[in-house]
Amino acid sequence: GAVVSQHPSWVICKSGTSVKIECRSLDFQATTMFWYRQFPKQSLMLMATSNEGSKATYEQGVEKDKFLINHASLTLSTLTVTSAHPEDSSFYICSASERQGARPPQYFGPGTRLTVL
Amino acid sequence: AQTVTQSQPEMSVQEAETVTLSCTYDTSESNYYLFWYKQPPSRQMILVIRQEAYKQQNATENRFSVNFQKAAKSFSLKISDSQLGDTAMYFCAFMKQVRDDKIIFGKGTRLHILP
C-alpha cells in the first residue's frame with residue numbers, strides 16, 4: 001500500500017523556537033494532505049487541509065500564524081510550529097490522499113511527537 | 001455538520017472472545033464512507049475496515065466485520081476470535097463521498113485483550 005513518512009519522528013525544543021515537521025508521500029502523488037493533532041488518550045483533531053500550490057485551509061480555532069503549512073509539491077507538505085510553547089507539545093500526524101485515487105482512505109504518517117520545554 | 005460518537009471509552013475482553021465496539025454518527029449526507037481505524041501503542045493509524053454507505057452488504061475483513069444500519073446511523077465493529085495484537089485504540093470515522101475530503105473521527109474506544 002501507499003506509504004507516508006514523517007520527519008522527525010520526535011523532537012524536543014526550547015520554548016520560543018520554531019520547529020518544522022515534514023510529511024512525504026513516498027510512492028504516490030498527493031494533491032491533498034491533512035494535518036492532525038492528538039493529545040494523550042484523545043482523538044485526532046484536524047488542524048488544516050493543504051492542497052498543492054495553494055494556501056492551507058485551517059479548522060476553526062487553529063492559529064494559522066502559529067501553525068504554518070506549506071504544500072510545495074505533490075509529495076511534500078510541511079508544518080512549522082512557530083514560537084513554540086509547552087502547550088504546543090503534542091503528537092502531530094499527517095495524512096495524504098492520492099491524486100488519482102477515486103477511493104478513500106487517506107494514508108497516515110507515523111506521527112511526530114513534539115515536546116516543548 | 002457531521003458528528004461521530006463512540007460511547008465506550010474503554011473495554012476489556014479475554015483472548016479468543018468476540019467483542020463489539022459501538023459507533024453512531026449524524027449526517028445529512030446520503031453518500032459517504034465509514035471507517036474503523038486502529039491505533040496501536042506505536043500510534044500508527046491502521047485502517048481496519050471501510051464501508052460505503054450505498055452498499056447494503058456489511059463489510060468484512062477476516063476477523064473484523066461491521067454491522068451497518070444506515071437508517072439508525074449506526075456502525076459497530078465486531079472482532080471475532082480476539083488476539084493480543086488487537087489491543088489498541090479504535091476510532092470510528094466518517095468521510096463524505098467527496099474526493100480529498102476530511103475524515104472526522106470519534107473519540108475512540110480503548111480495547112484491551114486480556115491473556
Side-chain angles (χ1 to χ4, degrees), chain A residues 1-6 9-10 23 25 28-52 54 56-60 62 71 74 77 90-114, chain B residues 1-11 21 23 25 29 31-55 59 61 66 75 87-112:
Chain A
V3 178
V4 174
S5 70
Q6 281 185 242
S9 55
W10 59 271
C23 176
S25 57
F28 67 98
Q29 293 181 322
T31 41
T32 305
M33 289 185 171
F34 303 84
W35 286 96
Y36 296 85
R37 185 174 182 177
Q38 185 179 31
F39 290 109
K41 297 186 177 182
Q42 293 190 22
S43 186
L44 282 70
M45 296 299 297
L46 181 66
M47 299 175 65
T49 302
S50 75
N51 292 291
E52 183 257 340
S54 61
T57 301
Y58 291 81
E59 294 298 301
Q60 192 173 9
V62 177
H71 193 159
L74 286 171
S77 177
S90 189
F91 194 68
Y92 293 87
I93 302 174
C94 74
S95 69
S97 56
E98 286 189 80
R99 180 177 192 170
Q100 298 299 327
R103 63 182 182 94
Q106 301 166 14
Y107 301 101
F108 285 84
T112 297
R113 181 180 304 278
L114 170 63
Chain B
Q2 286 68 229
T3 59
V4 178
T5 302
Q6 293 179 249
S7 59
Q8 304 151 311
E10 198 159 359
M11 298 180 72
L21 280 59
C23 173
Y25 60 95
E29 302 287 326
N31 297 315
Y32 50 88
Y33 301 101
L34 295 165
F35 311 98
W36 278 98
Y37 278 91
K38 170 185 178 181
Q39 189 180 41
S42 68
R43 303 191 78 171
Q44 172 72 59
M45 295 292 284
I46 300 167
L47 177 64
V48 175
I49 201 164
R50 176 183 69 213
Q51 175 81 41
E52 286 89 343
Y54 66 87
K55 290 186 177 179
E61 288 288 342
V66 297
F75 184 62
T87 293
M89 194 76 166
Y90 287 81
F91 294 101
C92 180
F94 170 98
M95 177 179 169
K96 290 192 285 187
Q97 196 171 342
V98 175
R99 201 175 79 183
D100 297 340
D101 202 31
K102 61 187 178 183
I103 294 177
I104 298 168
F105 290 92
K107 291 185 181 298
T109 296
R110 186 169 298 279
L111 177 64
H112 301 276

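Since this is a predicted model, take the numbers as computed values, not measurements. Letters A, B, ... are given to chains in the order of the sequence lines, protein chains preceding strands, and every chain is numbered from 1.
More than 12 heavy atoms of other residues, nucleotides or ligands sit less than 6.0 Å from atom CE of B:M11.
For A:L44, the parts sitting under 4.5 Å from any heavy atom of chain B are the backbone and the side chain alike. A:E59 touches chain B through its side chain: at least one heavy atom from C-beta onward sits under 4.5 Å away, while N, CA, C and O do not. Only the side chain of B:Q39 comes within contact range of chain A, judged by heavy atoms closer than 4.5 Å.
Interatomic distance, A:Q38 CD to B:F105 CZ, rounded to the nearest 0.5 Å: 9.0 Å. Between the CZ atom in B:R110 and the NZ atom in A:K41 there is a gap of 6.0 Å [rounded to 0.5 Å]. The distance from the OG atom of A:S43 to the CD atom of B:Q6 is 7.5 Å, given to the nearest 0.5 Å. Rounded to the nearest 0.5 Å, atoms OG1 (A:T49) and CG (B:D101) are 8.0 Å apart.
Residues A:F39 and B:R43 approach most closely at O-NH2, 4.2 Å, considering heavy atoms.
The residue among B:K107, B:M89, B:K102 with the most heavy atom pairs within less than 4.5 Å of chain A is B:K102.
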